[in-house]
Every structure is written in C-alpha cells, then in structure tokens.
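Proteins get letters first, then strands, A, B, ... in listed order; numbering begins at 1 in each.
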Amino acid sequence: LAKTTQPISMDSYEGQEVNITCSHNNIATNDYITWYQQFPSQGPRFIIQGYKTKVTNEVASLFIPADRKSSTLSLPRVSLSDTAVYYCLVGLNTGNQFYFGTGTSLTVIP
Amino acid sequence: SAVISQKPSRDICQRGTSLTIQCQVDSQVTMMFWYRQQPGQSLTLIATANQGSEATYESGFVIDKFPISRPNLTFSTLTVSNMSPEDSSIYLCSVVLPHERVPDTQYFGPGTRLTVL
C-alpha cells in the first residue's frame, strides 16, 4: 500500500517560500511522485511530478532524496491564492494500491 | 490535459433513492477512477473503471451499492444506490491520459455534490 504522510496544516505569510514534505516509505521502484492542489469545491489539480532528484516548473519545485522515501514540494513566494490543500500521491501506475493521504491545508496570511 | 465534465453538479435526494452521476471526457482514456470526498476530508478511492472490464472496487465499497458503467473510452457513470444520509459527499471522477508526457497524472472532474435527506 503506497501510503503517504503529510503535515495536516501549515500557515505562511505572503511572499515567503513554503516547503511541504511528504513521507512515502513504501514507494516502489517504478512509482512516480505526484503533487496536487485542491481548492474548495473543485477537483484536485496537478502541480508537479518527479521520480528522483529535483524537478522545477513554473509554479513549484519538487525535491526527492536518493532513497525516495520522502519528497518536498516547494512553493516560492506564496500568495493568498495559494491557500489550498496539497496532496502527494504515489503508486498509481505500478499496480500498487494508492490513496490520497490527509493532505496539507496551507493557509497564506496577508 | 483533459476536459472532464460531471453531471449533475449537485443534487439533493431522499433516502432510499438512487442517483446516477455521469462523467464525460473530451478524449479517449483507458484508466478512469471514482472517488468520494466528504466535507473537509481527503479523497477516498471507490473504484477503478477501465473500459472493457469490470470495475475494481476498493475495500469498503461494493458493486451493489455503487454500480459503475463504462460503455466507451470517454464516458462512465457511477450510481449511488439506496442512499442514506451517510452517502452525502462529493463524488469525483478522474482519468489518466494515455501517452501522457507526465505519467501517472490524474485529471479530475469538478465533482458532484450529493446531499441525502
């Protein structure tokens, strides 16, 4: 079972960098790590995906250590519109059971 | 990416009745999933609905309660049968696109908000 563990909530001030870490000790060799963002009354939306080391796109960076048992989503200079729940997910394409963990509720404070 | 629509967007139903939720995708997909999300909670996978095969249900979910149809590669339905207030939730479908540059990525519909009285 590709279980993930994240902090339940985090607060940050506008303009700061936010790092959200996810633990996935049972990650399989072929599993990718995918992060989603969910606003109230909407379905989750893809943010970033990685397999190892570091991935960066226009909205976030993803850091994955060599053992791949955890990953850190980094949001640079957050704004109020980044207030949302963030989920990490592993195990979709490898036949492993997968599920969304509790997610991390990020609140950005003015 | 994919555009996914769900119908209805919301409904209020009486206990003991059934509701069928539709999920339509603008491209052909093989992997489609149905989730339930209760207010303030995370998503719980109900079943995987792959075209051409029976849906695979997760522990705690049974076909008699949540029958799923997958008649083609762009459409699926989830029925919530013999509803009780405990079924009040948001129901979401998601898809994985074939040949996606970023594998394992799910695209979600907007959800169907169900209230059972």
Within one Ile-Leu-Val-Met-Phe-Trp-Tyr cluster: B:L19 and B:I68, side-chain cutoff 4.5 Å: yes

Distance col, row A:Y36:OH vs B:S94:OG, nearest 0.5 angstrom, shows 7.5 Å

Any chain of hydrophobic side-chain contacts (each under 4.5 Å) joining A:L80 to A:Y86? yes

Per-residue contact mode, B:L92 against chain A (heavy atom under 4.5 angstrom): side chain

Cluster question for you: counting only ILVMFWY and a side-chain heavy-atom cut-off of under 4.5 Å, with indirect links fine, are B:Y107 and A:I33 together? no

Would B:Q106 and A:L89 count as a side-chain contact (heavy atoms from CB on, under 4.5 Å) if you check the C-alpha gap in whole Å, the side-chain angles of each, and the deciding distance to 0.1 Å? CA-CA 10 Å; B:Q106 294 182 69; A:L89 189 68; 3.1 Å; yes

Nearest-0.5 Å distance that lies between atom CZ in A:R45 and atom OG1 in B:T105: 13.5 Å

Give the cluster check for A:L106 versus A:V59: same hydrophobic cluster or not, with ILVMFWY residues linked at side-chain heavy-atom distances below 4.5 Å. yes

Please look at B:Q6 and chain A and tell me whether the side chain, the backbone, both or neither of the residue comes under 4.5 angstrom of a heavy atom of that chain. neither

With a 6.0 Å cut-off (strictly less than), is the heavy-atom count around CD1 of A:I8, excluding the residue itself, greater than 12? no

Taking side chain as everything from C-beta outward and backbone as N, CA, C, O, which of these in A:S105 sits under 4.5 Å from a heavy atom of chain B? Side chain, backbone, both or neither. neither

So which part of A:T102 gets closer than 4.5 Å to some heavy atom of chain B, the side chain, the backbone, both or neither? backbone

Given heavy-atom pairs under 4.5 angstrom as the criterion, report whether the side chain, backbone, both or neither of A:Y51 touches chain B. neither

Exercise: identify the closest heavy-atom pair between B:Q41 and A:Y87: O-OH, 3.8 Å

Would B:M83 and B:I63 show up in the same hydrophobic cluster when neighbours are defined by side-chain heavy atoms closer than 4.5 Å? yes

Could you state the interatomic distance from CD (A:Q38) to CZ (B:F108), rounded to the nearest 0.5 Å? 8.0 Å

If you draw a 6.0 Å radius around CD in B:E54, do more than 12 non-hydrogen atoms from other residues or ligands fall strictly inside? no

